[in-house]
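Every number for a ligand or one of its atoms is a count from 1 in the order of the listing. Each residue takes its place number in the sequence, starting with 1. Just so you know, these numbers use all the heavy atoms, side chains as well, and skip hydrogens, waters and symmetry mates.
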Amino acid sequence: MRLDINNKKFLRGYRKVSYILLAATAILFIGHYFLPLKRLVLLPAGQVSTSLYGYTDRDLGITGYWQDQAAQKWACDYKKTDPYGCGWSLQLNTEADPSGENFNDFDALEISLDYSGPATRLRIYVRNYNPAYLSVENSGSTKVMSMTLPVGDALKPLHVKFDEFDVAWWWLRERKANWHETQLEFDSVTDIGVDLVEPGEHRVQIDQVAVVGRWVKTEALLTIVIGFWMSVFLLEGVVRFYQLYRIAQRNRENIRQVEEKQRMLAEENKQLETIANTDPLTGIYNRAGLKGRLDALQKTEGLSGLGVLLMDIDHFKHLNDQYGHDLGDKVLKTFASLLSMNLREQDILARLGGEEFVVVLGSQSPEGIKFVAEKLRRLALQCTFNGDSQRHISVSIGVTSMALNEEFSTALKRADNALYQAKQNGRNCVEYESG
Ligand SMILES: Nc1nc2c(ncn2[C@@H]2O[C@H](COP(=O)(O)OP(=O)(O)OP(=O)(O)O)[C@@H](O)[C@H]2O)c(=O)[nH]1
């Protein structure tokens, strides 16, 4: 079955499918925003390692300490005089395997915590392992990305998008980092932590840490949708192009066939014209052919001064009667071809009927015309028959010249009178009658 995209039924079906696909695309695209998020809970979890850090004072001990490690409840007594604060962290790697978790398929970090104390802001950080940055002296030199948020916000379950983090400025400074090291990286996360950066007595409980993301990333969905629709348009374009190519090919073939038919018709017309203008027995012009040639001459050079020779085979009835009609035909053909061979190309030779021929000669003097007529009369004597060189025909010829603006039929009438005279004068002779 050939695919025809101009077919109305196909077009209706194609349009319907397009609308359905368009609606499905819109539903898919809008719907993916409302789908429940993919969630990986990191805390609480079975095997989890958390730790605290703080400033260690010789007399007072460490400023950050557990109140209930199992419940991830801790305190930070950060004095104004301490050089730095305290923090909590969740480790996702081990010493045996220093690489961390790949969160490239997630979009954000979610932390639920309880806080009481004077802090106005909290710092959330993520460390990412990358062998390229790891220095031999410091196995903890993972890339640090952080963001600070007001405590008010932190008291709600926290939703921090990964692209809201910045690479920590002190990490960049310490590493004298190149520009490409300022890129965010979450493909091997080793630590997720919460820092307290303001002095005071802080009490914190970390309830839950999770990473969340869409099942299908918006960019991936966009790429799929755009790729799909571009393929549809491309396919449609290719099919349309192919259709146009086929139509053009069919049109070319039709034009070729029409041209071929025209050529054949022109040839047939030419053949019909030839048949209509030709005497079937002798192959020379008939009356219609003679008229055609004279009409053409009339339009170009005019007929004035042309020589008109009307010739009639003498006693042809007798020849027919004595030797039969077939021989009579043969004689007519031989005589016609003898005349053709001895006339000039521009002269016109025609058989008017029976044993009567007409020759129209190019414009010349009456003497010239009579001279040619005499030559043709003598030529007829060479037209022998029945295999006997003694048996030949003779012709009588009536001759005239076309006067200025004269009709050919008038001149022919005059030639006929001259022919009659020639017959009266004993035949086998030429008679001239001037116009
Ligand atoms: N074989 C043959 N004979 C034809 C043809 N057309 C006419 N004829 C014959 O030609 C003869 C003409 O005879 P006529 O008109 O009496 O003239 P003629 O016998 O030549 O006598 P004159 O012209 O007075 O010399 C007739 O017998 C016609 O039948 C033809 O196509 N073939």
Side-chain angles (χ1 to χ4, degrees), residues 271-294 306-343 347-361 366 369-402 408-435:
Q271 278 173 7
L272 284 174
E273 202 179 293
T274 307
I275 289 168
N277 290 330
T278 307
D279 172 48
L281 180 70
T282 58
I284 61 175
Y285 286 125
N286 58 13
R287 274 181 189 275
L290 172 68
K291 183 176 181 307
R293 284 289 307 270
L294 289 171
L306 296 182
V308 180
L309 282 59
L310 184 63
M311 53 182 79
D312 187 285
I313 301 174
D314 298 328
H315 303 301
F316 193 65
K317 183 177 174 340
H318 178 70
L319 191 146
N320 261 338
D321 293 346
Q322 196 171 354
Y323 301 100
H325 203 266
D326 286 349
L327 187 103
D329 282 357
K330 216 168 160 186
V331 168
L332 289 171
K333 279 200 271 188
T334 311
F335 180 54
S337 88
L338 248 184
L339 287 173
S340 298
M341 282 188 295
N342 287 276
L343 287 169
D347 296 337
I348 307 166
L349 169 65
R351 182 183 172 211
L352 295 186
E355 82 292 20
E356 207 171 51
F357 295 82
V358 72
V359 175
V360 178
L361 301 175
I369 296 169
K370 279 188 258 179
F371 177 80
V372 177
E374 192 53 37
K375 191 183 92 175
L376 296 181
R377 187 195 61 77
R378 283 199 303 274
L379 192 69
L381 300 176
Q382 293 172 23
C383 183
T384 58
F385 55 90
N386 221 15
D388 186 348
S389 59
Q390 296 307 309
R391 293 179 202 278
H392 58 80
I393 62 163
S394 69
V395 291
S396 304
I397 308 177
V399 181
T400 190
S401 304
M402 291 275 308
F408 180 76
S409 56
T410 314
L412 193 64
K413 186 94 187 70
R414 213 166 37 249
D416 195 36
N417 289 339
L419 173 63
Y420 177 78
Q421 204 53 56
K423 291 278 181 187
Q424 292 300 307
N425 290 349
R427 298 180 175 80
N428 189 21
C429 63
V430 174
E431 280 302 323
Y432 179 85
E433 189 173 320
S434 59

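Atoms of ligand 1 lying under 4.0 Å from at least one heavy atom of Gly354, given by number and element, are 6 (N), 7 (C). Counting atoms of ligand 1 from 1 in the listed order, those under 4.0 Å from a heavy atom of Asp314 are 20 (O), 25 (O). Applying the 4.0 Å criterion to heavy atoms of Gly328 picks out, from ligand 1, the atoms 1 (N). Atoms of ligand 1 found under 4.0 Å from any heavy atom of Arg351, numbered from 1 in the order shown, are 5 (C), 6 (N), 30 (C), 31 (O).
With rounding to the nearest 0.5 angstrom, the CG atom of Leu310 is 11.0 Å from the CZ atom of Phe357. From Asn428, atom CG reaches atom CD1 of Ile393 across 10.0 Å, with rounding to the nearest 0.5 Å.
Each of Arg377, Arg427, Lys423 was scored for a salt bridge (charged side-chain N to carboxylate O under 4.0 Å, His left out) with Asp312, with one residue passing: Lys423. Just one residue in the list Asn277, Ile348, Leu412 forms a side chain to side chain contact (heavy atoms under 4.5 Å, CB included) with Leu290, and that residue is Ile348. Applying side chain to side chain contact (heavy atoms under 4.5 Å, CB included) to Leu309 and the options Thr400, Leu376, Asp347 leaves one that passes, Leu376.
Of all the heavy atoms of Asn320, the ones lying under 4.0 Å from any atom of ligand 1 belong exclusively to the side chain. The proximity of Val331 to ligand 1, defined as any non-hydrogen pair under 4.0 Å, does not occur for either the backbone or the side chain. For Asp312, every heavy-atom contact with ligand 1 shorter than 4.0 Å involves the side chain, none the backbone.
Note: an N/O pair closer than 3.5 Å links Phe316 and ligand 1 by distance alone. Between Leu281 and ligand 1, not a single N/O pair is under 3.5 Å apart.
Contact check for Val331 versus Arg391: no side-chain heavy atoms found under the 4.5 Å cut-off. The shortest distance between side-chain heavy atoms of Phe385 and Cys383 does not fall below 4.5 Å. The closest side-chain heavy-atom distance from Val358 to Tyr285 is not below 4.5 Å.
With Glu355, Glu356, Lys317 as candidates, the residue nearest to atom 17 (O) of ligand 1 on a non-hydrogen basis is Glu355.
Under 4.0 Å is where a charged nitrogen must lie from a carboxylate oxygen, and between Asp279 and Arg287 no such pair does.
For atom 25 (O) of ligand 1, the closest heavy atom belonging to the protein is His315 N, 2.8 Å. At the top of the distance list for atom 24 (O) of ligand 1, counting protein heavy atoms only, stands Arg427 NH2, 3.0 Å. From the protein, the heavy atom lying nearest to atom 22 (P) of ligand 1 is Lys423 NZ, 3.5 Å. With respect to atom 32 (N) of ligand 1, the closest heavy atom belonging to the protein is Asp329 OD1, 2.7 Å.
A search for salt bridge (Lys or Arg N to Asp or Glu O under 4.0 Å) contacts involving Arg293 returns nothing, not counting sequence neighbours.
Within the structure, the closest approach of Gln424 to ligand 1 does not fall below 4.0 Å when heavy atoms are considered.
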